[in-house]
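Worksheet: one structure, shown below.
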Amino acid sequence: MTFVLVVVLVVPFVVDLIGWWLNLLTLRRQPPDERGVRAGPDLAEASTHLDRLRRYLQTQAYTRAQTYFAAATASITLAAVLAFWFAGGFAAVDGLVRRFALHPVISGVGYLGALLLARRLVLLLPFAFYQHFVLEERFGFNRYTPARFAADFLTWRFVNGVVYGVAATGALASFYWLGEQAWLSVWAVTDGRQLAVRLQW
């Protein structure tokens, strides 16, 4: 079980790292040749050329910074999840939830909700704050105030919590009542939702 978990977590991480590395290889510090635009004696033409060069270099720097940030976020998140697993954190949360002696479906939803809440607040919140108020601010792209950031963060967490809560309740209830046949209903609902989204587009 541990081996399967590590593979499921590590393989997508390695694939993402390779993708980010390949993206960085495509970045060039020198801009491509601009036909018809030369920094000649015309001041307007030279100013246009320098402005395009500045924006090009800024875009390259921003893409590079975002890529490094994504890689760092994924690395720290993976390390935290694996450390939590090997330290017995998942079992500890499960034992804590079971102490309330609730219905198995409610206990399952509470277990998943506790893990999701911890992930959002402990892992993702600091990274989201850094991304907006440090990384985006450095390049002049940040449009958030701390109050708006907090409001949006709480709103989206609430909406996601409701959506995932309903989905988790339905899935766990299916397994509780249908047993081994539950996978068929869960698969049908999941694929049906994806198909509906695709048809809308």
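Quick note: numbers below take in every heavy atom, side chains included, and nothing from hydrogens, waters or symmetry partners.
For the side-chain contact (heavy atoms from CB on, under 4.5 Å) test, residues two or more places apart in sequence or in another chain that qualify with Ala71 are Leu17, Trp20. Qualifying side-chain hydrogen bond (donor to acceptor under 3.5 Å, both in side chains) partners for Gln58, counting only residues two or more places apart in sequence or in other chains: none. Taking Arg55 as the reference, Asp51 meet the salt bridge (charged side-chain N to carboxylate O under 4.0 Å, His left out) condition, with sequence neighbours excluded. Partners of Arg98 according to the salt bridge (charged side-chain N to carboxylate O under 4.0 Å, His left out) rule, which considers only residues two or more places apart in sequence or in another chain, are Asp94. By the salt bridge (charged side-chain N to carboxylate O under 4.0 Å, His left out) test, Arg119 pairs with no residue at all, sequence neighbours left out. The side-chain contact (heavy atoms from CB on, under 4.5 Å) search around Leu96 returns Arg99, not counting sequence neighbours. Take Tyr68 and apply the side-chain contact (heavy atoms from CB on, under 4.5 Å) test, not counting sequence neighbours, and it matches Leu24, Arg64.
Residue Phe139 shares its hydrophobic cluster (ILVMFWY side chains chained together at separations under 4.5 Å) with Tyr62, Phe69, Ile76, Phe127, Tyr130, Val134, Leu135, Phe141. Hydrophobic cluster of Leu116: the remaining members, joined at side-chain heavy-atom separations below 4.5 Å, are Tyr164, listed by chain and number. Cluster partners of Leu102, using a side-chain heavy-atom cutoff of under 4.5 Å among ILVMFWY residues and allowing indirect links, are Phe100, Ile106.
Connection of Val109 to Val93 is established within a shared hydrophobic cluster, with ILVMFWY side chains joined at heavy-atom distances below 4.5 Å, either directly or through further cluster members. A continuous path of Ile, Leu, Val, Met, Phe, Trp and Tyr side chains, each step under 4.5 Å between heavy atoms, connects Leu121 with Phe149, placing both in one hydrophobic cluster. Cluster membership check: Leu82 does not share its hydrophobic cluster with Val122, using side-chain heavy-atom separations under 4.5 Å among Ile, Leu, Val, Met, Phe, Trp and Tyr.
Ring centroid separation for the pair Phe84 and Phe90 comes in under the 6.0 Å cut-off.
Taking all atoms of both residues into account, the shortest heavy-atom contact from Val7 to Pro12 is O-CD, 3.9 Å. Across all their heavy atoms, Ser75 and Phe13 have their closest contact at OG-CZ, 3.3 Å. Nearest heavy-atom pair, Leu123 versus Ala80, reported as atom, atom and distance to 0.1 Å: CD2-CB, 3.8 Å.
For the atom pair CG (Asn160) and OG1 (Thr155), the distance works out to 10.5 Å, reported to the nearest 0.5 Å. Note that CG of Asp16 is 11.5 Å distant from OG1 of Thr67, once rounded to the nearest 0.5 Å. The distance from atom CG of Leu78 to atom OG1 of Thr73, rounded to the nearest 0.5 Å, is 12.5 Å. Summarising the geometry, atom CG belonging to Leu172 is positioned 6.0 Å from atom CG belonging to Leu112; distances are rounded to the nearest 0.5 Å.
Residue pairs meeting the salt bridge (Lys or Arg N to Asp or Glu O under 4.0 Å) criterion with at least one partner in residues 160-169, sequence neighbours excluded, are absent. Legend: salt bridge (Lys or Arg N to Asp or Glu O under 4.0 Å) pairs involving residues 128-154, not counting sequence neighbours, sorted by first then second residue: Arg148-Asp152.
Side-chain contact between Val14 and Ile18: present, with at least one pair of heavy atoms (C-beta onward) separated by less than 4.5 Å.
The residue from Phe129, Phe153, Phe133 that alone fulfils the side-chain contact (heavy atoms from CB on, under 4.5 Å) condition with Tyr144 is Phe133.
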